[in-house]
Peer 1: 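The structure follows.
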Amino acid sequence: MGLKFTPTPEQSNSNEIDDDLSNFFRKIRLREYYYQTNYTNDSVVKNSSNFCPPNGRNEALDNYISTTKILCSNALKEPKSIKHNISLEQRKALRSLANDKSIIIKEADKGGGIVIMNVDFYKKKTLEMLDDNEYYQEIPTSNKNEVFSKIKSLINKNGKLTKHEIDYLLKFESKTSTFYGLPKIHKCQSIQKKCKDFKSRYVEVLDPDDLAFRPIVAGPICETSRLSSLADQLLKPFLTLIPSYVRDDIDFLNFIPKQVSDQTKLVSFDIVSLYTNIPHDLGIEAISYWLSKNPELLGSRFDKMFIIESLKIILENNIFVFNNKYYNQRKGTAMGTKVAPTYATLVLAYLETILYKRLQEEDNAFALYVKQNWKRYLDDCFIFWERPIEDLIRFEKILNSLHKDIQFKMQVSDTELPFLDILLIKKDKHIITDIFYKVTDSKQYLNFSSCHPKHTKINVPFSLARRICTIVGNKTILKQRLSELANILIKRQYPKEVIKTGLKKALEIPRHQLLCVKKKSHEQILPFISTHNPKNKNVFGIVKQNLQICNNDTKMKNIISDTKIINCKRQLPNLKRFLIKSEFKEQHHQPKVSKCNDIRCGLCDYLIEGAYFTTKSNMTFHVKQNMNCSVENVLYALRCNGCDEIYIGQTGDKLRNRRTVHEQQMRDPSARKIPLSGHLDTCCKSEPKFSIFPFYKFNCVDASARLSKEKFFITIFKPKLNIKL
Ligand SMILES: [Zn+2]
Ligand SMILES: [Zn+2]
């Protein structure tokens, strides 16, 4: 089915849409609040704010919101019944696959295939990588606090960051990166051979010893993740200084010469494990070079020191967890960190400046030729070679002498060679371009029966055809590739008519237009974002049509005419989300809540122990971390021992102290702030009158994160004692 395939959900999500609607209304309120004020924000990055302008500012707007709310809630009352796109057996099979602890499922490094491995095989292969002390080092803890204090002292040294920027860098719920390997089946001889021999969709290879993995350190919210995206934003402008920089396929297609000579050779270079092989000192040297050369690109608030120190923190604290053990990557950059591609591109561009200089020392014309023709996208390089073959041999030598850790692997051809997704074919004096698929490319296009919004699916044939039309210039090849595409799409259950329309639409666009770089539009866009679920009535129509109500008010009318309202859909979990987990953890012990057993502890007698706690209404809280009485920054469930109903609360303080506050408010009516206290006092006749189960622990003090998670759990669990009595 392919990993993008999304099974029809079991339930409607009308509750969730309430939040989506509130969010949308908040955005309109913000538009009204800030309309035509010169509100500017100098911050390069910032946390998203929760500010919502109050109602009562604009009658038409309030009217719109209240009317739309009622209409939507009526529309959502009855979920539609929808036929499942997979059978009950298939659903059961998926669940058992996801729960099977003896296997691990990963996406292939390239080509979109799915690789199912024996857990022991995967663990052995991964540990082989992690045991390499040149690259990785095991450390006792995650060093969370140390990393944050390094970032803090960097902020203090710079002194020019805005409050928004400082909050962005420090105030967020971080999580240590995880490590995993993506099987490089496209580079594994035994698997490649099997794929070629058995053209079937399922190929089995026993213990392929030559299967290598691409190491990935994934930390979308690790401690340095925010610093990394700030550094990325500040370094991106420097990419425009690089002569060899290729942005994408289209950029390269535009560069291909109309005509070449008879002796022209196609030459590509692949850089061996680029990310993991850049030594930190080379990286720092390279970035310093670019920052000193064009300091104006950095703006006035950030200086060279800030960028260099940021990069050092990111590179030196590349900490991750694998199977409950912590490691630090000693060499190279993590593939997952935001700044990695920009950083690697700039480092290589620095080596290229040395390359041009070396060539110039030998021969000016040679240097100029290379500078004008050498193209690179990250670690893939290409050059049309029109100079004598001896020069090429010399060139390769110089390339590989630039730095001992950065090695270029050359491929030369007189006839054809791939670069990115393009297959370049030399015919007479012309270069013909074809689309390039690797042997292991599984062409896992989205299945038409997948639970996606219809417009997304209808668009698939068009966008695939459009890509083919962009890359393939030759009419005969184009016809063949499009008919191949049509055949694949038929197998993926696309209706013939949908395919035909998509292909036709793509063919109607003139090629020069396809090869144009798209300009970003400056239209004000206000998206209504909701999770796609065919069981819910689509409320976007109501949201949009009702906007007419606002037309009675001049200000609102102007706001609406300036704004394009669009319907955006979040995707439901697809098979990838179901089956593939980045984290690898052999479960030795389940995390649980336990008493501290200190005789002076005031909480022990109140604490509910265990890995989970099930409420009276049969809902269960599971804990993800070990917690005891000293835990702080938590969400907790408080159970009334009289009626067994619960209350959900949060505290930034120690849970032990929070228990004392509840106790005081219960005993002393004048100290009471919430109805719960009075309830506890009267409902239960024996001691202790209530019990506490902490179920969610935050790693840093952040009241707004706690409050919003608390709200989330209250919405889900609907605890009786949170509601006003
Ligand atoms: Zn205790
Ligand atoms: Zn009670």
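Indexing begins at 1, ligand by ligand and atom by atom, following the structure's order.
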Peer 1: Indicate whether any N or O donor in one side chain lies under 3.5 Å from an N or O acceptor in the other, for Asn328 and Arg330.
Peer 2: no

Peer 1: Mind checking how many protein N/O/S atoms fall short of 2.8 Å from the Zn ion (ligand 2)?
Peer 2: 4

Peer 1: Is the distance between the ring centroids of Phe320 and Tyr136 under 6.0 Å?
Peer 2: yes

Peer 1: Return the set of protein N, O or S atoms whose distance to the Zn ion (ligand 1) is under 2.8 Å, each given as residue and atom.
Peer 2: Cys596 SG, Cys601 SG, Cys604 SG, Cys629 SG

Peer 1: If you look only at pairs with a residue in residues 670-699, which of them pass as a salt bridge (charged side-chain N to carboxylate O under 4.0 Å, His left out), with sequence neighbours excluded?
Peer 2: Arg667-Glu687, Arg672-Asp681

Peer 1: Any sub-3.5 Å donor-acceptor pair from Asn118's side-chain atoms to Ile103's backbone N or O?
Peer 2: no

Peer 1: Centre-to-centre under 6.0 Å for Tyr647 and Phe690, is that the case here?
Peer 2: no

Peer 1: Have Ser66 and Asp62 got a donor and an acceptor in their side chains that come within less than 3.5 Å?
Peer 2: no

Peer 1: Centre of Phe698's six-membered ring, under 6.0 Å away, within 45 degrees of the axis: is that where NZ or CZ of Lys709 sits?
Peer 2: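 No.
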
Peer 1: Does the cation-pi check pass for Arg658 over Tyr636, that is, NZ or CZ under 6.0 Å from the six-membered ring centre and within 45° of its axis?
Peer 2: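 Output no; distance or angle outside limits.
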
Peer 1: Sorted by first residue and then second, give each salt bridge (charged side-chain N to carboxylate O under 4.0 Å, His left out) pair with at least one member in residues 75-98; sequence neighbours left out.
Peer 2: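 Found Glu10-Arg91.
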
